[in-house]
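What follows is a set of notes on a single structure, which appears directly below.
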Amino acid sequence: MSTEPLHSLRYVDDVTRDDVLALEAFIYSQLRPVQDAAGETGDTFCALRSLEILVCDSAGLLLALLDRVGQGQEERSTMLREWNRLWTTASWWNCRDGYDSDRWNRLEHVDAAAEASHRAENARAQAAAGGVLVKGATAVRTWRIETVRRLLRRGG
């Protein structure tokens, strides 16, 4: 086993089987005490069991895709979604022992090329918007609302 510290995950290409298995095990370790206290009946049991099934399905799909050779864009996008689904689930317990905050985080891009493409697209959108920083739909809506308010104040 390597003693090199692992870097923080940045892209789907960085995710390993060990990452998926560790994240899945961490989530289960947080669910088990609640399941034990809830017993095997009632709404709490049903909710926890449903969450456990979703975690198992996401981890299983991610592991299957990691085992594939020559993943296409669709598979890699699915891997991004499933990793972020697992990470979001685990992140609610990010202050607990066993949560690897140095490594686990939300991934925004499948790889460096996708990140570069996204940055270039944002730069083009920013230039087209007259230098207004455009970041997602919320920023666009905010920009539009502010523009309408300015026009209304000017009477135009």
Side-chain angles (χ1 to χ4, degrees), residues 1-36 38 44 46-147:
M1 176 176 243
S2 174
T3 57
E4 282 184 43
L6 294 173
H7 66 280
S8 181
L9 296 175
R10 185 164 180 181
Y11 306 117
V12 166
D13 294 345
D14 298 332
V15 177
T16 67
R17 289 184 62 78
D18 288 344
D19 290 318
V20 176
L21 294 171
L23 190 55
E24 180 184 31
F26 173 79
I27 294 168
Y28 289 151
S29 75
Q30 302 309 302
L31 295 178
R32 290 255 158 41
V34 181
Q35 286 174 321
D36 292 345
T44 302
C46 292
L48 290 168
R49 185 67 182 124
S50 295
L51 180 57
E52 187 175 300
I53 291 166
L54 290 172
V55 168
C56 179
D57 287 350
S58 284
L61 178 55
L62 193 48
L63 289 168
L65 290 171
L66 279 168
D67 288 343
R68 274 191 166 176
V69 176
Q71 300 144 345
Q73 186 61 34
E74 185 175 335
E75 288 89 356
R76 295 172 81 213
S77 294
T78 299
M79 291 170 66
L80 179 75
R81 183 191 67 228
E82 295 306 318
W83 172 264
N84 285 338
R85 183 173 289 162
L86 287 174
W87 173 81
T88 300
T89 302
S91 70
W92 290 97
W93 294 290
N94 66 1
C95 294
R96 301 276 178 94
D97 288 340
Y99 184 86
D100 191 348
S101 58
D102 292 334
R103 180 132 174 101
W104 301 336
N105 54 63
R106 179 172 176 74
L107 304 179
E108 298 294 330
H109 307 285
V110 295
D111 57 20
E115 181 179 22
S117 174
H118 183 252
R119 287 179 190 260
E121 184 179 319
N122 279 349
R124 283 190 300 275
Q126 182 177 351
V132 175
L133 178 63
V134 177
K135 185 175 181 177
T138 302
V140 170
R141 279 192 302 272
T142 302
W143 177 80
R144 287 180 182 156
I145 290 168
E146 290 171 0
T147 302

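Note that NE2 of His109 is 9.0 Å distant from CG of Leu80, once rounded to the nearest 0.5 Å. Note that OG1 of Thr89 is 11.0 Å distant from CZ of Phe26, once rounded to the nearest 0.5 Å. From Arg68, atom CZ reaches atom CD of Glu75 across 5.0 Å, with rounding to the nearest 0.5 Å. The line from CG of Leu51 to CD of Gln35 is 8.5 Å long, rounded to the nearest 0.5 Å.
Considering only heavy atoms from C-beta on, Ser91 comes within 4.5 Å of Tyr99 through its side chain. Arg81 places a side-chain heavy atom less than 4.5 Å from the side chain of Leu61. Between Val55 and Glu24, some side-chain heavy-atom pair lies under the 4.5 Å cut-off. The closest side-chain heavy-atom distance from Leu9 to Trp87 is not below 4.5 Å. Within the 4.5 Å cutoff, side-chain heavy atoms of Trp93 are placed close to those of Leu31. Using a 4.5 Å cut-off on side-chain heavy atoms (C-beta onward), Glu82 and Met79 make no contact. Counting only heavy atoms from C-beta outward, the side chains of His7 and Asp14 approach each other to under 4.5 Å. Between Ser8 and Trp104 the shortest side-chain heavy-atom distance does not fall below 4.5 Å.
Using modelled atom types, one side-chain atom of Asn84 and one backbone atom of Leu107 make a donor-acceptor pair closer than 3.5 Å. Distance alone, capped at 3.5 Å, places no donor-acceptor pair between the Ser117 side chain and the Ala113 backbone. Between the side chain of Asp67 and the backbone N or O of Ala64 there is no donor-acceptor pair closer than 3.5 Å.
With Trp83 as the partner, the side chain to side chain contact (heavy atoms under 4.5 Å, CB included) test is satisfied by one option alone out of Thr88, Leu66, Leu23, Asn105: Leu23.
Using a cut-off of 4.0 Å between Lys/Arg side-chain N and Asp/Glu carboxylate O, Glu121 and Arg119 are scored as not salt-bridged.
Across all their heavy atoms, Val110 and Ser77 have their closest contact at CG1-N, 4.1 Å. The shortest non-hydrogen separation linking Leu65 to Thr78 is CD1-CG2, 3.7 Å.
Side-chain contact annotation: Thr16 with Asp19, donor-acceptor N/O pair under 3.5 Å present.
Every residue meeting the side-chain hydrogen bond (donor to acceptor under 3.5 Å, both in side chains) condition with Asp111, not counting sequence neighbours, appears here in chain and number order: Arg76.
Identified under the salt bridge (Lys or Arg N to Asp or Glu O under 4.0 Å) test for residues 51-64, with sequence neighbours left out: Arg49-Glu52.
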